Amino acid sequence: MSGRFKRRKRDFGGRGTKSESSNEDIVNLDRHPPHLRGREIGWFYARRNKERRKLGLYNKISKPLGTVLLSENKKEQIQQLLKSTSTTLERDDTAFAFQMKFFQMITGDIEQKLDSAVAVTRSEKIDKSLFDEFDNRKSNNYYKTMLLKRQKLPSFSKKEEILKLIDENQVVVVSGETGCGKTTQVAQFILDDFVENRKGSLCHIICTQPRRISAISVAERVADERAEPLRMGVGYHIRLEKELPRDKGSIVFCTTGVVLKQMEKDPCLSNVSHIILDEIHERDIMSDFLITLLKQVIKKRKDLKVILMSATLNSEKFSAYYDNCPHINIPGFTYPVQEFYLEDVLQRTGFKFDDFSKARGNRSFQARMDNVYRNFIEPHVRKLEANRTYSRDVCIQLRNPKAEELNIDLILALIIDICEKEKDPGAILVFLTGFSHISNLNQLMEKSGKFPASKYRIIPLHSLMPTVNQRQVFDKPPKGVRKIIIATNIAETSITIDDVVFVIDCGKIKMTNFDVENNCQTLKPEWVSLANASQRKGRAGRVQPGICFHLFSRARNMTLEQYQKPEILRTRLENTILTIKILQLGKIETFLESLMDSPEPDAVKVSVNLLKRLNALDDTETLTPLGYHLAKLPVGPQVGKMILLGAVFSCLDPVLSVAVSLDFKDAFVMPLGKEREVDFKKRELSDDNGSDHLLLHMALNRFENEDYNGRKQFCWNYFLSCHTLTQLQDMKKQFMEYLYNMDFVNSKDPGNHKFNVNSKNLSLVKAVICAGLYPNVAVIKGKKFRNIVHTIEGEKAEMHPKSVLSKQVSFNTPLLVYYLRLRSTSNFIHDATLVHPLPLIFFGDNYTYNVDDSGTTISIGNDRLKFKCSRSTNLLIKELRDRLNWFLEYKISNPGVVDWNGEGPDIAILRFFSFHFLDHLSLK
DNA sequence: GAGCACTGC
């Protein structure tokens, strides 16, 4: 048995994969091939340089970044330490015991677990009490009035048909537009039917919702309709908040993620009789995942009923996916909304675009695109000309390529026009793409002088603006005052404003995508889908007939996609892959191929490779002990690793603050026009510590240490959202629960001193952040920081202006780690922490060294980061690094609270590492 | 010099 768990040469960071290039021949050529002409030559060099950068051949990363120096005194200390700890780190027996336990946890598959599924059990006593309760309620006056209202909903007329279909089939698709009442009624139909037939104890319904707010509000609504408080027959369960109803004879509204997490423990969904998946047409990852997973579950649980609910458009797709299961459509009810398009708006306002020939960026490219547009629009304009429904001017404007760009002046003209001509005093809701457009329009409206406060209430609405939580969005304004809301697509689903009568839809939406080739996320405006356009339109008809203006032509409307791309095709897949693994769904590719829409194999490969590099998956794509823990934590793998190391290094509180802020969202708000002030306050709070991540810690830490009034004041002073900070605080507590269940901590208070021995040691906290975020490393390019950095993948990137580092001018290290790189208007790194070389040398993967005439060169991460040092320094660092990584791997495989006051030799290494080393290493 | 929107026992 000895040697089975021998100290391995592997890094804690895991093995890496060699970078590959399909263009090696190009990279190696010095000059372009002679047959190329003109622009082709330029493209050749651009492409070559990009490839070279990716291979690390063409930037300063290829050279050593400096020399690592250790003082003689320090060397002496390390030698002592190595001597004193050399014999004690092999603990084969305990490690092996854990391995066996772990092996049992990760092998096996979901089929086995499903085999043990049992049907929901019946209790006649409960059946009777539920029946009596229901019978009593029928004479309750409030219930009766609510019932009258419910009976007016279109879904009520289909009640018997829906029940019959569900009774006769295991899977049913119910489709219907907003207003048909399917979300609130279908679950009640089922429950009431069971109760009335004296089998209420057999009924426990889960209904999933894609958003937290809808889960709560639907639950409250349904409980109200049943004239009972929450937690009797109706409840909800979302992350961090739950009001659960009784076990039997009840309905729970959950977010999809909650159900998926529950299925990690109980894939059979024991005790559940019906699962309703609502809003599945939105195609978010979690419901796509659940739809596929349920396909396996229902094979073994024949008594479990699945009801898929979607919008009407495309609902056949879901039915087809479930072997053409029966499908019922409920007609919707909303007030009629008249739709107008760009040509109508131009006619109405007489608006004229700028001359399109004015230079806009890359001229030749633009000229080509302009031509494409003119060819596209010409047939449509010809038709309009023939019909003579629109003026000559309108046709001229439609031919202008600028007609396809988002034009704030046009929107302003339209708003003014509505305000002048439309007698109805209803609110106007404008859909824009983002912060800058909202800000611009707001300014233009102010400057125009046509919107005095006495007659208009203008409300910008964006997730980063404090207005989101304010009442004024929903309040009906006084008589004679018109409300104008300028919003992002937050007003499409998340925020519902009832008194809207006019909608202006700019036709664009910002979408994230995952660019596999460049291994980065993108955020770019795109045309809306028909589903978006119709959702936006629907916002005008909630209380009375309305009008919707789409700012694109009818010709463009014909080309729009029906739906947005499913989320699973637009995002990184690390979390999805970990979920597949923890649910024991077998081979990653096989499961992903069985989804309704499968991600590209390359996208899967990129994510699998990162997970291997993080040492979460081994070469056979099996979870490692680290991977097992990461899959249990509801965060991305890098943030999860950071949390685990925060526990081991006893700096848990600050690391948790950073982790939850990165994974959820930071708490900073951005009132319109206060951008500079916010930046200033952020820098003040960050105290020049060279880290956006520590800033997140500072914000939460200061908040937690204040009393109620102090918190309010603090949030006000530093542009922070009290609500978000409280949520973050709750999330920290939730992670303590997880860590407690995993045995990494033995109490649930994140501030407990036992887990925060080193929390004031910010160098150590930074090192833990670095260990988590690796391999997201970048090198600052010049001596003077001009915001330009190179990632170690060889991508050129720019520091995002919101980062505190974007204003910093001098640096004591050329290295930084980051969480998010997002390509929007530029390739931006959104957040960063400056790090010294040593944490990278210790936590990076693929440590190698090379000795030649010029001395010793250490390199990290497949030769992407190089440092010079003396021979003896290299040997010491290497040995210390091996010990540390071995110990960390041991700790992860054998979770337990690290006793920092203990005298064990392993503690000696951790203590040495955290107290004596991190900032004392100089780089020349 | 810039920030679509969601979500996790």
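As the structure is a computational prediction, the values presented were derived from the model and not from experiment. Quick note on labels: first sequence line is chain A, next is B, and so on, each numbered from 1.
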Quiz item: More 5' along DNA chain B: A/Leu523 or A/Thr255, using each one's nearest nucleotide?
Solution: A/Leu523
Quiz prompt | Close residues, residues 573-583 of chain A, relative to DNA chain B [heavy-atom separation under 4.0 Å] | solution = A/Asn575
Quiz item: Short question: side chain of A/Ser803, backbone of A/Leu805 - any donor-acceptor pair under 3.5 Å?
Solution: yes
Quiz item: Between residues 283-294 of chain A and DNA chain B, which residues have a heavy-atom gap below 4.0 Å?
Solution: A/Met286
Practice problem: Decide yes or no for A/Ile588 and A/Leu592: does some side-chain heavy atom of the first lie under 4.5 Å from some side-chain heavy atom of the second? | Solution: yes
Quiz prompt | Side chains of A/Tyr718 and A/Glu684, donor plus acceptor under 3.5 Å | solution = yes
Quiz prompt | Touch class at under 4.0 angstrom, heavy-atom based, for A/Val259 against every strand present | solution = nothing
Practice problem: Mind jotting down which residue pairs meet the salt bridge (charged side-chain N to carboxylate O under 4.0 Å, His left out) criterion with at least one end in residues 253-262 of chain A? Sequence neighbours excluded, please. | Solution: A/Lys261-A/Glu264
Quiz item: What pairs of residues pass the salt bridge (charged side-chain N to carboxylate O under 4.0 Å, His left out) test when at least one of them lies in residues 627-636 of chain A, not counting sequence neighbours?
Solution: none
Quiz item: When you check the gap from the basic side-chain N to the acidic O, do A/Arg283 and A/Asp597 get nearer than 4.0 Å?
Solution: yes
Quiz item: Under the side chain to side chain contact (heavy atoms under 4.5 Å, CB included) test, which residues partner A/Glu737, sequence neighbours left out?
Solution: A/Lys748
Quiz item: Does the ring center of A/His237 lie less than 6.0 Å from the ring center of A/Phe253?
Solution: no
Quiz item: Just checking A/Asp663: base, sugar-phosphate only, or nothing, at a heavy-atom cut-off of under 4.0 Å?
Solution: base
Practice problem: Please check if any side-chain donor atom of A/Asp247 sits under 3.5 Å from a side-chain acceptor atom of A/His204, or the reverse. | Solution: no
Exercise. Would you classify A/Ser824 as touching base, sugar-phosphate or nothing, given that sugar-phosphate means primed atoms plus P, OP1 and OP2, and contacts are heavy atoms under 4.0 Å?
Key: sugar-phosphate
Practice problem: Answer with base, sugar-phosphate or nothing: what part of the nucleic acid does A/Glu675 contact at a heavy-atom distance below 4.0 Å? | Solution: base
Quiz item: Closest nucleotide of DNA chain B for A/Leu633 versus for A/Lys802: which of these residues is on the 5' side?
Solution: A/Lys802
Quiz prompt | Sugar-phosphate, base or nothing in reach of A/Met670, heavy atoms under 4.0 Å | solution = base
Exercise. Answer with base, sugar-phosphate or nothing: what part of the nucleic acid does A/Ile509 contact at a heavy-atom distance below 4.0 Å?
Key: nothing
Quiz item: So what does A/Arg211 touch, heavy atoms closer than 4.0 Å: a base, only the sugar-phosphate, or nothing?
Solution: sugar-phosphate
Exercise. Indicate yes or no: at least one non-hydrogen side-chain atom of A/Glu279 is less than 4.5 angstrom from one of A/Met309.
Key: no
Exercise. Under 4.0 Å between any heavy atoms, over every strand shown, what does A/His830 touch: base, sugar-phosphate, or nothing? Just pick one.
Key: nothing
Exercise. Report yes or no: does A/Asn489 contribute a side-chain atom to a donor-acceptor pair with the main-chain N or O of A/Glu492 at less than 3.5 Å?
Key: no
Quiz item: First and last nucleotide of DNA chain B touching chain A, 5' to 3', heavy-atom cut-off 4.0 Å?
Solution: B/dG1 to B/dC9
